[in-house]
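What follows is a short report on a single structure.
When a ligand or atom number is given, it counts from 1 through the structure's own listing order. The first residue of the sequence shown is numbered 1, and numbering continues consecutively from there.
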Amino acid sequence: MENALDGLRTVTAVRYVTPLRSGGSVPGVVEADDLGMYVVKFTGSAQGRKALVAEIIVGELARHLGLRVPELVLVNFDPSVAAEEPHQEVQDLLHASAGLNLGMDYLPGAADFTPDAPGVDPVEAARILWLDAFTVNVDRTVHSSNLMTWPTSGHQQPRLWLIDHGASLVFHHRWESAADAVGKAYDFRSHALGSPGLDMAAADAELAHRVTPQLLRRVVAAVPDAWLTDEPGFGTPDDVRNAYVTHLATRARVSARWLPGGMS
Ligand SMILES: Nc1ncnc2c1ncn2[C@@H]1O[C@H](COP(=O)(O)OP(=O)(O)OP(=O)(O)O)[C@@H](O)[C@H]1O
Ligand SMILES: [Mg+2]
């Protein structure tokens, strides 16, 4: 898992199966030419392409830190594969999304995690909370966990899979003030896994030093140029990539400033 990334695989959608209306961005389940099924986040959604950038950067970081994230792929999407989809608002979304979109391996039989689910490993919970605090993910709450449980043979308890990182990296919506926010504390009170017993200091000691500029460069390299062009205040897509690397490398170094105080 650790070295899985060297650019994401690209697949082509051959069938639009169904919209997922529980998701605010109306992702779609899509079958691709590799016979895989993917949950596709569309560039034409109201959340926009920055949500997809955050999905890649945070999803791949999480994977490299040893957390479970379904494989991410780039999906070529031609709206004609969804000609049978009857809903006009879905058709509008799909027609606004021709070209490259983001797919996540579909986990058949997985269930949305709810905070009352038994058997969460506190060490894993602390790692996930650390990732969310580091990447300022405001969308892993008790009401919307963006965690899935998936039965795995050999494990009595279903294991946690991380999905939907589109609402993280909030600093990239205001690059002009991003540097000032680099040590911003994370509000963990309504986090899906928040609990006073978590050993955040141990998670920090384990993870912060692993977020190296080298790892960050590999992760941001996976973001397609097309999703980084025309960013106000920047020249080339690589200028934007460098800004993510600088910001996140700095934030990892100053973790003492944003770690949940009462929990460390
Ligand atoms: N890889 C997956 N495998 C199986 N089901 C999934 C997967 N990804 C998402 N889902 C299902 O689809 C729902 C919506 O997905 P997701 O949260 O990623 O969409 P979203 O549009 O970003 O949602 P929102 O912004 O409303 O949280 C999830 O709660 C889950 O039930
Ligand atoms: Mg979600």
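Of the protein's heavy atoms, L20 CD1, 3.4 Å lies nearest to atom 12 (O) of ligand 1. Of the protein's heavy atoms, G23 CA, 3.7 Å lies nearest to atom 14 (C) of ligand 1. Protein heavy atom at the shortest distance from atom 13 (C) of ligand 1 is S22 OG, 3.3 Å. Summary of contacts: the protein heavy atom closest to atom 30 (C) of ligand 1 is D112 OD1, 3.4 Å. The single protein non-hydrogen atom nearest to atom 3 (N) of ligand 1 is L107 N, 2.9 Å, given as residue, atom name and distance. Among all non-hydrogen protein atoms, the one lying nearest atom 7 (C) of ligand 1 is V39 CG2, 3.5 Å. In this structure, the protein non-hydrogen atom closest to atom 1 (N) of ligand 1 is D105 O, 2.9 Å. Looking only at protein heavy atoms, the nearest one to atom 21 (O) of ligand 1 is S25 OG, 2.6 Å.
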- [ ] I would like to know whether N137 and T135 meet side chain to side chain donor-acceptor pair (under 3.5 Å); could you show each step before the answer?
- [x] CA-CA 5 Å; N137 184 4; T135 60; 5.4 Å; no
Task: Steps toward ring pair (Phe, Tyr, Trp, His ring centres under 6.0 Å) verdict (Y244, W175) - done: CA-CA 10 Å; Y244 282 108; W175 279 113; 4.9 Å; yes
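Applying the side-chain hydrogen bond (donor to acceptor under 3.5 Å, both in side chains) test between N146 and each of D112, D132, D139, T141 identifies D139 as the sole match.
S145 has its side chain out of reach of T114: every pair of non-hydrogen atoms, C-beta onward, lies at least 4.5 Å apart. When side chains are defined from C-beta on, R159 counts as touching R68, because their heavy atoms get closer than 4.5 Å. Two residues are said to be in side-chain contact when any heavy atoms from C-beta on lie closer than 4.5 Å; L248 and L169 meet this criterion. By the 4.5 Å heavy-atom criterion applied to side chains, R21 and V90 are counted as neighbours.
Taking the Mg ion (ligand 2) as reference, the nearest N/O/S atom within D164 carries the name OD2.
The residue among D164, I163, V69, L72 with a heavy atom at the shortest distance from atom 17 (O) of ligand 1 is D164. When the heavy-atom distances from atom 6 (C) of ligand 1 to H165, R140, E71, M148 are ranked, the shortest goes to M148.
Between A243 and F234, the closest heavy-atom pair is CB-CE2, 3.5 Å.
The Y106 neighbourhood of ligand 1 comprises atoms 1 (N), 3 (N), 4 (C), 5 (N), with distances under 4.0 Å to a heavy atom of that residue. The ligand atoms of ligand 1 that sit less than 4.0 angstrom from a heavy atom of M104 are 1 (N). Interface of P27 with ligand 1, defined as ligand atoms under 4.0 Å from a residue heavy atom, comprises 19 (O), 21 (O).
Because the distance cut-off is set at 2.8 Å, N146 qualifies as a neighbour of the Mg ion (ligand 2) through one of its N, O or S atoms.
The shell of residues lying under 4.0 angstrom from ligand 1, judged by heavy atoms, excludes G166.
The aromatic rings of H191 and Y186 lie perpendicular to each other, with more than 60° between the two planes, well past the 30° mark.
Ligand 1 has no N or O atom lying under 3.5 Å from any N or O atom of E55, backbone or side chain. Below 3.5 Å of separation, one finds no N or O of Q47 facing any N or O of ligand 1. Note: an N/O pair closer than 3.5 Å links N146 and ligand 1 by distance alone.
Not less than 6.0 angstrom separates the ring centroid of W150 from the ring centroid of F113.
There is no side-chain donor-acceptor pair under 3.5 Å between R210 and H64.
For D164 and R140, the salt-bridge test fails: no basic side-chain N is under 4.0 Å from an acidic carboxylate O.
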